Amino acid sequence: MVPSAPVNPRDSRLARLLVILAVALGLATGAAACSSGDAQVVGVVETTTTTAAAPDPFVTVVATAKVPEIEVLAERPPEAVNDQPTPPTTTPSEADAVEPIPRVGLNSAGSAKTDAGWSFENPTYFDNPLVMVVTESAGDWLRVMLPARPNGMEGWVRAADVELTSHSYRMELNLAEFDLKVYDGEELIEQTGVVVGKDATPTPVGIYYLNEMIPQSNAGGAFGPWILSTSAYSETLETFDGGLPVIAFHGTNQPDLIGSQASNGCIRMPNDVVTRLAETLPAGTPVTVVAG
């Protein structure tokens with residue numbers, strides 16, 4: 001568990017991103033590609049068999065803020081029209097024992113609750129660009145995953161306020177097996193044992209994303225050389241070490257604990273592995289956490 005500042009999952013994801021990539025990156029969902037079969041002649045009319053172009057199922061679309069503050073609407077704007085099937089909304093976790101983040105009266109490290117939804121400052125508290133994973137494109141609006149609690153929250157941002165990029169990286173964490181796999185498309189590029197949360201402070205199950213990479217001045221400390229912060233928060237802690245209870249991947253100075261439940265919710269891994277991930281993965285990398 002790491003504080004973000006002083007207190008002042010896989011099929012469902014792929015289903016959403018299949019729709020998003022076609023729209024947000026400007027691909028024509030209805031574009032036809034010729035099949036490998038030869039043209040068929042029926043009488044004197046020549047016909048061909050065509051198939052719709054399919055986007056890469058492993059591509060994630062990322063929205064990076066271009067403005068100093070991003071306003072996020074909780075409800076779909078009336079003008080957010082999508083002529084494609086609407087992808088499913090990520091289901092927020094039911095963390096009944098903890099309060100929302102952000103919320104009124106809580107200094108949430110650059111995020112705040114508003115009447116219409118939320119606002120997020122850009123750059124972040126750690127001076128990194130604000131990024132959000134896109135789950136739907138509808139005209140001038142984008143539905144995005146949020147760094148908010150309950151975990152799994154989504155909201156709507158103006159497309160004009162962000163820049164869109166894409167990548168094919170993803171992380172899959174199996175808590176019961178203490179196993180983290182990292183992929184680039186279909187290729188497994190990293191696998192490691194990890195430390196996960198204790199029973200009293202479990203690592204939350206769900207679909208999140210890496211939102212920033214934070215280098216550490218003391219590479220031999222408890223967090224190792226890097227903290228890879230996620231959009232998720234602890235579902236049992238209100239604060240941690242005087243700050244927000246952000247769930248993160250990071251290194252460790254106790255590698256002998258790998259393969260056990262020993263953390264406050266964060267995921268610890270060998271320092272050499274977290275360094276490679278920090279140098280490889282972009283902000284906006286999806287993270288699917290399963291109980292196993």
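We use all heavy atoms of the structure for the numbers below, so side chains are in, but hydrogens, waters and symmetry mates are not. Owing to the predicted nature of the structure, the values given are computational and were not obtained by experimental measurement.
Residues V289 and V195 do not share a hydrophobic cluster, clusters being chains of Ile/Leu/Val/Met/Phe/Trp/Tyr side chains in contact below 4.5 Å. A single hydrophobic cluster is not seen to contain both W156 and M145; linkage of ILVMFWY side chains at heavy-atom distances under 4.5 Å, directly or through other members, places them apart. Two different hydrophobic clusters hold M171 and I258 under the rule that ILVMFWY side chains link at heavy-atom gaps under 4.5 Å. Cluster annotation: L73 and V133 are assigned to distinct hydrophobic clusters (Ile/Leu/Val/Met/Phe/Trp/Tyr, side-chain heavy-atom contacts under 4.5 Å, transitive). Linking Ile, Leu, Val, Met, Phe, Trp and Tyr residues whenever their side-chain heavy atoms come within less than 4.5 Å places V62 and L130 in a single cluster.
Looking only at distances, no side-chain donor or acceptor of Y208 sits under 3.5 Å from a matching main-chain atom of P147.
Residue pairs meeting the side chain to side chain donor-acceptor pair (under 3.5 Å) criterion with at least one member in residues 257-276, sequence neighbours excluded: E190-R276, D199-Q261. A side chain to side chain donor-acceptor pair (under 3.5 Å) check over residues 71-81, counting only residues at least two apart or in different chains, returns the pairs R76-E136, E79-W141. Among pairs with a residue in residues 113-123, none fulfils side chain to side chain donor-acceptor pair (under 3.5 Å), at least two apart in sequence or across chains.
Remark: K66 does not engage E163 in a salt bridge, criterion side-chain N to carboxylate O under 4.0 Å. Using a 4.0 Å cut-off between charged nitrogen and carboxylate oxygen, E186 and R170 do not count as a salt-bridge pair.
Residues I101 and L106 form a side-chain contact, since some pair of their non-hydrogen atoms from C-beta on lies under 4.5 Å apart. Between M132 and L142, the closest side-chain pair of non-hydrogen atoms is not below 4.5 Å. Counting heavy atoms from C-beta outward, W226 and I214 have side chains that stay 4.5 Å or more apart. Side chains of L228 and V274 form a contact here, defined as non-hydrogen atoms less than 4.5 Å apart. You'll find the side chain of F178 reaches within 4.5 Å of the side chain of V196, heavy atoms only. In this structure, the side chains of E69 and F120 stay at 4.5 Å or more apart for every pair of heavy atoms. By the 4.5 Å heavy-atom criterion applied to side chains, S168 and T60 are not counted as neighbours. Contact annotation: the side chain of N151 approaches that of E235 to within less than 4.5 Å [non-hydrogen atoms, C-beta and beyond].
With sequence neighbours excluded, the residues forming a side-chain contact (heavy atoms from CB on, under 4.5 Å) with D161 are V67, I70, R158, listed by chain and number. Residues satisfying the side-chain contact (heavy atoms from CB on, under 4.5 Å) test with T280, not counting sequence neighbours, are Y169, I189. Legend: residues meeting side-chain contact (heavy atoms from CB on, under 4.5 Å) with T192, ordered by chain and number and at least two apart, are L180, V194, M269, P270, V273.
In terms of heavy atoms, N174 sits closest to G292 at OD1-CA, 3.5 Å. Taking each heavy atom of C266 and V246 in turn, the nearest pair found is SG-O, 3.7 Å.
Side-chain atoms of E172 and T288 include no donor-acceptor pair closer than 3.5 Å.
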Output, in order, the C-alpha distance, side-chain angles, deciding distance and verdict of side-chain hydrogen bond (donor to acceptor under 3.5 Å, both in side chains) for S231 and N211. CA-CA 6 Å; S231 59; N211 54 11; 5.7 Å; no
